[in-house]
Amino acid sequence: MDAAPLILDYIAQNPTSSPSALAPHILATIGFGNTHDRDPADPANLTVGLRQLNPTGLQEQWRTSMAPSSGWQNGVGFVATRDLVFAHLLAEESGANGLADTAFRAYLNLLTFLRNRGFRHLLRMWNFVPTVHELDQGIERYQAFCIGRAHAFSHAGIGAGAFPAATAIGSSAPGLLIYAFAARRPGIPIENPRQVSAYRYPTRYSPRPPAFARALKAPWLKTSGLFISGTASVRGHRSMHAGNLSAQLQETLANLDAIAAASSAPSLPADALPRYLKVYLRHPVEMTDVAPVLTDWSGSETKTIYLRGEICRRELELEIEGYNYAHTAHSHP
Ligand code: 3EB
């Protein structure tokens with residue numbers, strides 16, 4: 001049987017129209033602000049500490065057809081249905097043991113929660129790493145984060161074939177913020193033929209490689225969701241076009257095209273281009289250069305959120321992620 005739909009919508013701060021009948025129940029509403037913030041009154045509400053560049057503020061809202069239950073456990077906020085869970089954690093940095101240890105403990109905490117609730121399969125994870133380019137015990141903090149994450153995954157017995165789609169972005173907001181979707185059933189990881197799998201990157205980028213898939217498809221969702229990881233100007237394992245934003249954008253779009261081609265499934269629109277995009281820009285002024293090219297590529301129906309954020313590698317100017325789902329829900333009678 002199909003699992004319920006998972007719908008993404010980018011909505012205004014004070015929406016005037018009501019959610020669609022197909023997916024009236026809110027799993028997550030993610031806004032953007034100066035600091036990371038979680039709403040004690042409702043674990044569905046999350047604020048990510050990144051500045052939004054869209055002239056009218058948009059929020060990222062995930063919805064489904066089943067009424068969820070929500071709560072808090074051990075610092076994990078969650079909203080769960082029969083099939084799916086949205087879960088998040090904000091880990092304060094303790095100082096003494098560094099970010100690798102903070103990331104390890106945060107991941108272990110989250111993975112333990114998910115396992116105990118029966119949501120063993122990670123679909124999609126977002127990571128916001130404070131001061132990602134600074135040094136932490138002699139290595140870049142992004143690398144320290146990768147070490148902690150890799151350690152937790154191997155501790156939990158999660159190997160390359162089970163890595164989620166992911167985004168990792170630097171923020172000036174304090175605390176390591178992680179939010180995720182996980183499910184009772186596994187997704188299908190998708191790699192990009194133009195890129196070395198991140199988990200096979202040479203160790204010069206990080207002593208333990210980044211643990212994520214380029215995309216992940218959940219064909220059993222009633223909407224056949226496709227999660228596209230943060231995608232940047234990386235070919236093979238190398239950063240391309242340092243210092244050249246428009247060339248980096250073209251390279252990133254070529255990567256997104258390649259991921260879409262690699263993920264094509266009968267249940268998704270043939271071109272599998274994302275209907276929802278999120279763009280992280282190192283330099284906010286560059287939005288005026290990026291937006292027209294991106295809209296040309298995606299079509300004007302594709303909704304896009306622009307955020308100011310630091311991409312893990314210093315030489316990368318932008319990163320783009322996406323979500324796509326089938327327009328018409330399919331079902332097997
Ligand atoms: C890259 O392709 C760019 O460490 O989870 C993109 C998406 C990137 C996710 C992660 C890193 C991550 O390597 C950086």
Side-chain angles (χ1 to χ4, degrees), residues 48 50 89 99-100 102-104 106-107 110-111 122-130 132-133 136 139-154 158 160 162-171 176-182 189-216 226-242 248-259 262 274 277-282 307 309-323:
V48 174
L50 294 178
L89 195 73
L99 180 59
T102 303
F104 173 67
Y107 262 79
L110 192 57
L111 294 173
L122 298 168
L123 303 179
R124 181 60 164 102
M125 301 191 79
W126 286 262
N127 306 278
F128 300 93
V129 182
V132 72
H133 296 313
D136 188 279
I139 56 172
E140 260 205 55
R141 281 165 58 81
Y142 173 61
Q143 302 188 344
F145 163 75
C146 284
I147 291 170
R149 173 174 57 179
H151 187 186
F153 277 158
S154 69
I158 296 172
F163 289 161
T167 292
I169 286 289
S171 166
L176 171 64
L177 176 67
I178 302 167
Y179 72 91
F181 283 100
I190 289 146
E191 292 300 309
N192 176 356
R194 298 179 87 250
Q195 298 182 308
V196 171
S197 293
Y199 50 81
R200 297 212 177 95
Y201 279 169
T203 52
R204 85 167 97 127
Y205 299 106
S206 173
R208 296 288 300 272
F212 69 98
R214 296 298 180 186
L216 186 135
L226 175 67
F227 300 95
I228 300 165
S229 294
T231 303
S233 178
V234 173
R235 202 194 301 164
H237 56 74
R238 292 195 166 76
S239 302
M240 305 295 287
H241 321 295
Q248 287 200 12
L249 176 57
Q250 290 305 328
E251 193 72 44
T252 302
L253 296 182
N255 280 328
L256 290 170
D257 282 332
I259 292 167
L277 293 169
K278 221 151 83 204
V279 181
Y280 303 91
L281 283 173
R282 185 177 296 284
L307 301 167
E310 286 153 357
I311 296 83
C312 307
R313 297 185 190 182
R314 279 172 195 281
E315 66 278 12
L316 295 175
E317 301 293 319
L318 86 163
E319 186 172 301
I320 303 178
E321 66 179 47
Y323 183 65

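Both ligands and their constituent atoms are indexed starting at 1 by order of listing. Because the structure is predicted, anything quoted here is derived from the model rather than measured. Hydrogens, waters and symmetry mates play no part in the numbers below; they use all other heavy atoms, side chains included.
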Nearest-0.5 Å distance, OH of residue Tyr201 to OG of residue Ser206 = 11.0 Å
Does Gln143 reach the main-chain N or O of Tyr205 with its side chain, forming a donor-acceptor pair under 3.5 Å?
-> yes
For the residue pair Tyr323 and Phe227, categorise the inter-ring angle as parallel (less than 30°), tilted (30 to 60°) or perpendicular (more than 60°).
-> tilted
May I have a table of the N/O to N/O pairs between ligand 1 and the protein that fall below 3.5 Å, each row giving the two atom names and the distance to 0.1 Å?
from	atom 1	to	atom 2	distance (Å)
ligand 1	2 (O)	Tyr201	OH	3.1
ligand 1	2 (O)	Arg214	NH1	3.0
ligand 1	4 (O)	Tyr142	OH	2.5
ligand 1	4 (O)	Arg149	NH2	2.7
ligand 1	5 (O)	Arg149	NH1	2.7
ligand 1	5 (O)	Arg149	NH2	3.4
ligand 1	13 (O)	Tyr201	OH	2.7

Among Arg238, His237, Arg214, Arg200, find the one that has a side chain to side chain donor-acceptor pair (under 3.5 Å) with Gln195.
-> Arg214
Is it the case that Arg149 places NZ or CZ above or below the six-membered ring of Phe104, under 6.0 angstrom from the centre and within 45 degrees of the axis?
-> no
For Phe145, which of Asn127, Val132, Thr102 qualifies under side chain to side chain contact (heavy atoms under 4.5 Å, CB included)?
-> Asn127
